[in-house]
Amino acid sequence: MCRSIKTLREPYASDVTDDDVRAAALQYVRKVSGFRSPSTRNAEAFERAVDAVTTATRTLLDELQLKQVSRD
């Protein structure tokens, strides 16, 4: 969907920060809304959406059960 959103789970990424998760959420909301920067009247809804996607993304990453990969 959006090429600038990177995969945030192991083994594709390690040490994923809250900033990484929020950046991915921001890119998603920008893509879906069609706004790079929303107008003043849409800013609150835009930020709520980014917050909601950030929370959902963090929950998903925390709850994924991944097969352990041996790094010998």
For the residue pair Phe46 and Arg30, what are the closest heavy atoms and their distance?
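Heavy atoms only, the tightest pair is CZ-CG, 3.8 Å.
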Shortest non-hydrogen contact from Ala43 to Pro38?
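Closest pair (atom of Ala43, atom of Pro38, distance): CA-CG, 3.9 Å.
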Check side chain to side chain contact (heavy atoms under 4.5 Å, CB included) between Ala49 and all other residues, then give those that pass, not counting sequence neighbours.
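Here the qualifying residues are Val29.
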Quick one: which of Thr57, Val50, Thr55 gives a side chain to side chain contact (heavy atoms under 4.5 Å, CB included) with Val53?
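Among Thr57, Val50, Thr55, the one meeting side chain to side chain contact (heavy atoms under 4.5 Å, CB included) with Val53 is Thr57.
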Members other than Val21 in its cluster, when Ile, Leu, Val, Met, Phe, Trp, Tyr link by side-chain heavy atoms under 4.5 Å?
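Listed partners: Leu8, Val16, Leu60, Leu61, Leu64, Leu66.
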Could you work out, with salt bridge (charged side-chain N to carboxylate O under 4.0 Å, His left out) as the rule, every residue matching Asp19, not counting sequence neighbours?
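Counting only residues at least two positions away or on another chain, Asp19 forms no salt bridge (charged side-chain N to carboxylate O under 4.0 Å, His left out).
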Listing request: all salt bridge (Lys or Arg N to Asp or Glu O under 4.0 Å) pairs with a residue in residues 45-59, at least two apart in sequence or in separate chains.
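Counting only pairs at least two positions apart or across chains, the salt bridge (Lys or Arg N to Asp or Glu O under 4.0 Å) contacts touching residues 45-59 are Asp18-Arg58, Arg22-Glu47, Arg22-Asp51, Glu44-Arg48, Arg58-Asp62.
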Identify, with sequence neighbours excluded, every residue that meets side chain to side chain donor-acceptor pair (under 3.5 Å) alongside Thr40.
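Per chain and number, Thr40 pairs via side chain to side chain donor-acceptor pair (under 3.5 Å) with no residue.
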Go through the structure and list residues passing side chain to side chain donor-acceptor pair (under 3.5 Å) with Thr7, not counting sequence neighbours.
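Partners of Thr7 by the side chain to side chain donor-acceptor pair (under 3.5 Å) criterion come out as none, since no residue qualifies.
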